[in-house]
Number of protein chains: 2
Amino acid sequence: MPTEITVNGRTYRRPTAPTVIVCVDGCEQDYINLAVQAGCAPFFASLRERGAVLSADCVVPTFTNPNNLSIVTGAPPAVHGICGNFFLDPESGKEVLMNDARYLRAPTILAAAAEAGMLVAVVTAKDKLRSLLGHQLKGICFSAEKADQATIAENGIDDVLNKVGMPLPSVYSADLSEFVFAAGVALLEDVRPDLMYLSTTDYVQHKHAPGTPGANAFYAMMDRYLQRLDALGAVIGITADHGMNAKTDALGQPNIVYLQEQLDARFGAEATRVLLPITDPYVVHHGALGSYATVYLRSHGLAQHTVHDFIASIPGVELVLAKADAARRFELPPDRIGDLVVITERLTVVGTAPAGHDLTGLTVPLRSHGGLSEQKVPLLFNRRVDAAPDRRLRNFDIFQLAMN
Amino acid sequence: MPTEITVNGRTYRRPTAPTVIVCVDGCEQDYINLAVQAGCAPFFASLRERGAVLSADCVVPTFTNPNNLSIVTGAPPAVHGICGNFFLDPESGKEVLMNDARYLRAPTILAAAAEAGMLVAVVTAKDKLRSLLGHQLKGICFSAEKADQATIAENGIDDVLNKVGMPLPSVYSADLSEFVFAAGVALLEDVRPDLMYLSTTDYVQHKHAPGTPGANAFYAMMDRYLQRLDALGAVIGITADHGMNAKTDALGQPNIVYLQEQLDARFGAEATRVLLPITDPYVVHHGALGSYATVYLRSHGLAQHTVHDFIASIPGVELVLAKADAARRFELPPDRIGDLVVITERLTVVGTAPAGHDLTGLTVPLRSHGGLSEQKVPLLFNRRVDAAPDRRLRNFDIFQLAMN
């Protein structure tokens with residue numbers, strides 16, 4: 001068997017110990033910090049002495065799919081093609097869901113490792129990520145959400161609920177992520193994969209601020225499973241797809257820029273099209289409201305710089321970039337973003353129009369992500385790693401740092 | 001008696017009810033939001049229905065003195081001159097403390113109101129603000145820190161501990177701010193000032209994240225006193241001098257750009273001088289570490305754009321502006337800032353060199369302020385106010401909104 005693999009121009013060594021990479025969805029660094037302060041995260045607390053505690057920049061838009069795919073390909077969206085949940089098909093004018101693996105433009109480290117003879121396992125919280133992460137993977141790959149439906153043929157494993165020893169969790173629950181960790185421990189005990197990728201959901205982080213009881217309980221749960229993975233001899237790397245911030249005023253009302261509404265009022269109803277790539281089949285906990293949007297100009301008479309300047313003048317907007325500038329700065333595929341990319345300030349989200357967002361599911365004040373304010377994420381290991389101090393680390397360096 | 005006063009070009013009506021303006025030091029909006037969510041801030045919770053809940057931009061640098069002076073003058077630092085705790089005297093090359101009223105270049109609303117015959121009272125937490133806020137004020141003005149030393153001649157009041165009914169608080173305590181509120185209630189009951197300004201300290205916010213027990217207890221305390229001021233018939237306006245953010249990695253280690261050290265290594269030991277205007281006689285809780293610095297070029301051979309580009313390339317630096325640009329964008333007095341203004345990212349602070357910062361007082365992970373990330377603050381009233389929806393509100397609009 002080969003001792004190393006090369007994927008998207010980067011080389012990864014075959015691990016000598018089982019290697020577990022964890023993507024904690026929405027893990028603003030203060031969640032870990034304040035759980036440690038509260039005394040409920042002894043594994044995390046131990047990493048300063050025995051491991052490596054680093055920070056990294058995730059991919060903008062600071063959404064789940066672009067970052068999970070960057071992590072498992074070791075490359076930015078310009079390479080792998082997944083820059084959100086949706087893009088606008090220029091021919092049909094329709095919003096196209098990018099949850100399907102045919103939109104993926106690069107091989108994953110996971111599939112390459114399996115191809116090279118390693119035993120690879122992937123467990124995601126939501127099923128939406130499974131087909132992308134499991135693309136061409138000859139190994140184990142299933143979601144907590146549909147753990148009851150896993151089959152050998154489709155997922156490389158069956159009887160998952162029994163093997164994990166937990167009932168099927170609700171898709172909107174902290175249990176969905178706990179199931180991911182419990183499955184990781186069960187797999188490590190049972191089949192001891194060479195390489196494992198565990199990816200949680202940010203249901204808790206959308207609802208609970210760092211250091212509050214709901215958040216601390218979630219990180220305490222995670223800490224207990226990480227201790228078990230550690231005790232089983234795994235090399236563990238932990239990062240996040242994005243951070244998380246409050247997006248409200250002092251009394252919990254969301255700060256929303258209704259961009260389509262404002263553009264329609266200024267330039268006419270059909271002149272522009274605002275696309276929110278955070279939109280997905282699971283919007284209850286954030287109402288499809290994040291801090292990133294992309295805008296397509298549809299009226300040929302419309303000067304791009306006029307729209308650019310108008311959007312930049314809207315209070316709450318932090319940054320507007322033309323397609324080429326956004327593609328360069330954030331390493332995005334230009335054919336899958338609009339003519340303009342819009343990022344709102346830390347405490348503000350961007351919506352289309354009030355009718356486009358169902359806020360009735362927001363039972364607690366909105367916390368969300370998508371912008372530059374959620375780019376800094378943890379990059380933690382339970383052993384020393386070799387990272388030059390002046391290097392700009394990315395969350396998608398995690399496989400290389402853990403394996404080399 | 002005149003029915004209105006004009007100060008720094010803005011007009012304020014004589015209040016018909018006692019008007020209390022509160023500056024809650026370091027009040028990131030989520031402190032209030034999460035205290036309301038936890039059920040311990042019923043007064044704040046009531047404001048959505050019966051008052052006005054707005055957000056405002058504070059002054060950059062997002063420090064205490066520039067913002068308190070902006071609030072009481074209704075004007076930015078370009079007008080009142082106070083843009084930090086220190087500036088560099090170009091002739092002596094010495095750092096000059098700006099806590100003294102002779103550095104104030106504009107009259108205060110407080111002094112003008114007193115001059116017009118209103119009874120005015122000012123209570124600050126720390127004594128450092130007292131002489132600035134009380135400049136030319138014929139009224140009551142004292143600090144909680146030195147409440148035991150107040151005299152009729154100096155402070156317009158004596159026997160303060162007895163009148164307030166609390167012992168002298170420690171300067172590093174939540175009690176210091178509680179004393180300010182207790183004094184406000186006692187003054188409203190005893191002498192019923194027409195206009196009162198209460199300014200707390202951010203000791204609690206530097207140590208406790210929003211929604212955590214220490215923060216919620218502090219806001220619950222504040223809420224009880226605000227209820228009493230409200231029940232006594234006061235018009236209340238509440239804002240902050242600045243927000244507050246974690247400045248650490250996932251395990252609580254501060255993210256520090258040691259700017260003087262880096263500039264010395266790159267350009268030589270005497271070429272530049274980094275000044276941190278957050279530095280003051282009370283640095284225990286933040287180690288003089290904030291997200292704003294100003295840089296003076298001292299070597300005549302040094303090209304400013306070279307230094308500018310070097311600083312902008314340092315990871316963690318968000319923005320570098322030349323003096324004129326900074327003065328224009330942030331409305332600062334150009335003669336009291338350096339050749340460059342440096343702002344670091346939300347989770348990063350700027351220091352001089354390791355030897356210049358005593359971090360032994362940081363008993364909990366660093367939380368601080370100073371940058372753009374701490375510019376958004378609450379602007380709350382216990383009655384409706386007249387603010388156009390598209391207007392960019394500032395914290396220093398609060399007197400006008402409350403009085404008109």
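We use all heavy atoms of the structure for the numbers below, so side chains are in, but hydrogens, waters and symmetry mates are not. Predicted model, so just to flag it, every value in this text is computed and none were measured.
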Enquirer: For residues 244-253 of chain B, give me every residue with a non-hydrogen atom less than 4.5 Å from any non-hydrogen atom of chain A.
Expert: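 Within residues 244-253 of chain B, the residues under 4.5 Å from chain A are N245(B), A246(B), T248(B), D249(B), A250(B), L251(B), G252(B), Q253(B).
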Enquirer: Report, in residue-number order, which members of residues 28-50 of chain A are under 4.5 Å from chain B by heavy-atom distance.
Expert: E28(A), Q29(A), D30(A), I32(A), N33(A), L34(A), V36(A), Q37(A), F44(A), A45(A), L47(A), R48(A)
Enquirer: Could you please state which residues from residues 51-63 of chain B sit under 4.5 angstrom from chain A, measuring non-hydrogen atom to non-hydrogen atom, sorted by number, or 'none'?
Expert: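 Expected list: V53(B), S55(B).
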Enquirer: Which residues in residues 370-379 of chain A have a heavy atom less than 4.5 Å from any heavy atom of chain B?
Expert: S373(A), K376(A), P378(A)
